[in-house]
Amino acid sequence: MNYVLDRIYQQVEKLATDEFGEPTPEVRRPPKGSQAIYAVPCFQYAKTKGVNPMQLAERVAARWSKGLTDEGLIERFEAARGYVNVFANQQKLLAGILQDAESAGECYGTHADRGQTVVVDYCSPNIAKPLSVGHLRSTIIGQALINILRARGYKVVGINFLSDWGTQFGKLLYAFEQWGEEEKFTADPIGHLLDLYVHFHKELKENPTLEDKGRTTFRKLEQGEAKERVLWKRFREESLNSFEKTVGRLGVHFDHNWYESEFEKKAHDLIDSLLEQGIAEHSEGAVIIRTFEDENKPPLVARKSDGTTLYASRDLASALERIEKFSPVSKLIYAVATEQNLHFANLAKALERIGFPDVLEHVRFGMVSLPEGKISTREGRVVYLDELLDEAERRAAEIITEKNPDMAADTRAEVARRVGIGSVIYADLSQDRIKDIVFDWKRMLAFEGNSAPYLQYAAVRCARILQKAGLPTGEWVQGTDSAKLEEPESIELVMALGRFPQAIAEAAERYAPHVLAGYLYDVAGSLSRFYTQVSVLKAAGEATRLTRLGLVQATESVLRRGLALLGIQTPEVM
RNA sequence: GCCCCCGUAGCUCAGAGGAUAGAGCGAUGGUUUCCUAAACCAUAGGCCGUGGGUUCGAAUCCCUCCGGGGGUACCA
């Protein structure tokens, strides 16, 4: 789809390229308050030619204006302070946006299939521990990226890569053999495993020999001893059940669940092959892949001196399997916290040496900590994801009871779910992912201002208008006439809707859900102002009523689907 | 020690080289016989951490320092 603003942009870009050559000044949006649609700065060119930028802009604007035809979307060019401002024919632009939204319907803003696959690694927890708020970011950032990239026309495969291998599971198996209780495990598998985990580490402080017990037990698991294997598989299965239940509340469903343990053998084969090729080498008893020239930066350790593999090599084997299995893969995306920077830098370099440069994209995000300090399950310094979601739903239900006491109980539960969980997701995704977050209930459960409920509320208001207008669901308003859009609030709203495709595009290019969130907040703000100033159902004249109705319908669609891209559901009523 | 990230209003954050730095929360004041007030409007609040540099132009790019966070080969 080539949307109307894209068409204008491309036209202006071509003019700028023809006029100025390289380097072409960047076509940009003028500051707020300007009626212009785009602006081309002339300063750089003026500098190189030694002319006054104001005068240059005047000349260029005049020249470009001569080339305009009456049919075009662009109406005029005006020079202003060294910029050439581009003004669209407002009627044609508004009509074009409404037309785009109407003809594309529920596909408005999306892009056709590009024939490229991206693989997104997200959530990826350790088994045998419940998900905490620490897993929230990877899960919802990953899911939002999956949705946004799909909207941009990529084929996307989401993988939850479970950590189920390593000595820590030997420790847990040992703990279960020592202190585990079958009944407790059956009743609450993950809860019991968590208790055992905490208990083990408490005992470990008193009795350091437990470290060896864990290692020995893990060796048994590695060697395939039936007893350990059966138990470990149960841990794994129960963990996955628990994870899927929890992330299901966030509307997340994994395309694939991959297990790290399954890459143990593949990692060994890979390392052998890389040794033969000279990409891997022996060093200090271990096998490494040299990644950076810088002596201070450690290489990727592929095999420990005791002959076993590590997370790094299993991850590498898994990356190669992803490339092979989902071919042709244009990107391997990892939604993982910034603390694993070095790991992914090494992984990217290793992939490059193997012959896959520029494929790995570490979509990193800042740490979540608690006001008391870094999250630590061992120390009991943790907020679990289910706790957070429960509280979010509870708080939302409370507000609904207050604001809308007549709502039926089952409706209220559903609305509370969408509003509460939406708030949690939005609180995270509305912010640049690189920043650290200190967990704060008030912040996560904000229901006013720049928050999910604000956006949901705007969409619900639209839906209500459409419903009251007696519009059959699934049908688009016919007979809109952009000439009937006169009020500044209406025009502002249409213009906001016109930017939807670009907002999705930028969010996809920068792997930045917050770009989309910020855009949707703008749309909701425009809608709110429109709503208070312009009456739809009581509009004077049928043509005006229909046009406003069409606008409201397009707005509802953009808000609802935009929120859906972020992983947030819009309730039917609020 | 070395490497990476962050520092913008009282608080939480947008702003990815361009025109007068913007929101939300909090504060103060206003708006409900009219499609839902989870809303709208107004006011107050800024040496964009510091000092230098690059540039026609810097919150944005580079360097110094300060403050905070993370990482630093055989954990995941």
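Proteins get letters first, then strands, A, B, ... in listed order; numbering begins at 1 in each.
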Please pick, from [options], the nucleotide with the shortest atom-to-atom distance to any side-chain atom of [X].
X: Tyr531(A); options: A38(B), A37(B), C4(B); value: A37(B)
X: Ala80(A); options: C40(B), A19(B), A76(B); value: A19(B)
X: Leu342(A); options: C4(B), A73(B), G71(B); value: G71(B)
X: Arg28(A); options: C40(B), G17(B), A38(B); value: G17(B)
X: Val536(A); options: C40(B), C35(B), A39(B); value: C35(B)
X: Asp432(A); options: G17(B), C35(B), G15(B); value: G15(B)
X: Lys435(A); options: A76(B), C41(B), C13(B); value: C13(B)

Base, sugar-phosphate alone, or nothing: which one does [X] contact when heavy atoms must sit under 4.0 Å apart?
X: Gln533(A); result: nothing
X: Met367(A); result: sugar-phosphate
X: Arg314(A); result: sugar-phosphate
X: Tyr521(A); result: sugar-phosphate
X: Lys49(A); result: nothing
X: Val368(A); result: nothing
X: Lys538(A); result: sugar-phosphate
X: Pro53(A); result: nothing

Using only heavy-atom distances, decide whether a donor-acceptor pair under 3.5 angstrom links the side-chain of [X] to the base of [N].
X: Ser283(A); N: A73(B); result: yes
X: Glu284(A); N: A73(B); result: yes
X: Asn296(A); N: A73(B); result: no

Are [X] and [N] close enough that a side-chain N or O sits under 4.0 Å from OP1 or OP2?
X: Arg461(A); N: A37(B); result: yes
X: Arg443(A); N: G24(B); result: no
X: Lys403(A); N: A38(B); result: yes
X: Lys297(A); N: C4(B); result: no
X: Gln431(A); N: C13(B); result: yes

> Does one side chain, of Trp441(A) or Glu391(A), offer a donor that lies under 3.5 Å from an acceptor on the other?
Replying inline: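 No pair is found: no donor N or O on one side chain lies under 3.5 Å from an acceptor on the other.
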
> Taking atom types as modelled, is there a side-chain donor on Thr544(A) or Arg548(A) under 3.5 Å from an acceptor on the other?
Replying inline: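 Absent: no donor and acceptor within the cut-off.
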
Go ahead and name the base partner of [N]; Watson-Crick or wobble counts if both distances stay under 3.5 Å, otherwise write none.
N: A14(B); answer: none
N: G7(B); answer: C66(B)
N: A58(B); answer: none
N: C48(B); answer: none
N: A39(B); answer: U31(B)
N: U20(B); answer: none
N: A76(B); answer: none

If you measure from the [atom1] atom in [N] to the same atom in [M], how many Å do you get, rounded?
N: G46(B); M: A21(B); atom1: P; value: 13 Å
N: G70(B); M: A58(B); atom1: C1'; value: 28 Å
N: C11(B); M: A27(B); atom1: P; value: 16 Å
N: C47(B); M: A59(B); atom1: P; value: 14 Å
N: G52(B); M: C40(B); atom1: C1'; value: 47 Å
N: G24(B); M: A44(B); atom1: P; value: 15 Å
N: G45(B); M: G22(B); atom1: P; value: 15 Å

>> Using 30° and 60° as the class boundaries, would you call the ring planes of Tyr521(A) and Tyr454(A) parallel, tilted or perpendicular?
In response: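 Aromatic pair Tyr521(A)/Tyr454(A) classed tilted.
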
>> Classify the ring geometry of Phe344(A) against Tyr334(A): parallel below 30°, tilted from 30° to 60°, perpendicular beyond 60°.
In response: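 Tilted: the ring planes of Phe344(A) and Tyr334(A) meet at 30° to 60°.
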
> Just wondering, are more than 12 heavy atoms of other shown residues or ligands nearer than 6.0 Å to CZ in Arg290(A)?
Replying inline: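 Incorrect, the count does not exceed 12.
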
> Between Met407(A) (CE) and A38(B) (P), how many Å, whole number?
Replying inline: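 So the two atoms are 11 Å apart, to the nearest Å.
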
> Can you check the Gln340(A) CD to G71(B) P distance for me, whole Å?
Replying inline: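 Rounded to the whole Å, the gap is 10 Å.
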
> Distance-only, no hydrogens or angles: does the Thr547(A) side chain make a donor-acceptor pair with backbone N or O of Thr480(A) under 3.5 Å?
Replying inline: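 It does not hold such a pair.
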
> Would you say the side-chain atoms of Gln533(A) pair up with the backbone N or O of Glu487(A), donor to acceptor, closer than 3.5 Å?
Replying inline: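 Checking the backbone N and O of Glu487(A) against the side chain of Gln533(A), no donor-acceptor pair under 3.5 Å is found.
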
> Which residue lies toward the 5' end of RNA chain B, Arg81(A) or Thr309(A), if each is placed at its nearest nucleotide?
Replying inline: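 Result of the comparison: Arg81(A).
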
>> Go nucleotide by nucleotide along RNA chain B from the 5' end; which of Leu300(A) and Asn450(A) gets its closest nucleotide reached first?
In response: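 Final value for this comparison: Asn450(A).
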
> Salt bridge check: are Lys171(A) and Glu211(A) linked by an N-O gap of less than 4.0 Å?
Replying inline: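 Yes, Lys171(A) and Glu211(A) are salt-bridged.
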
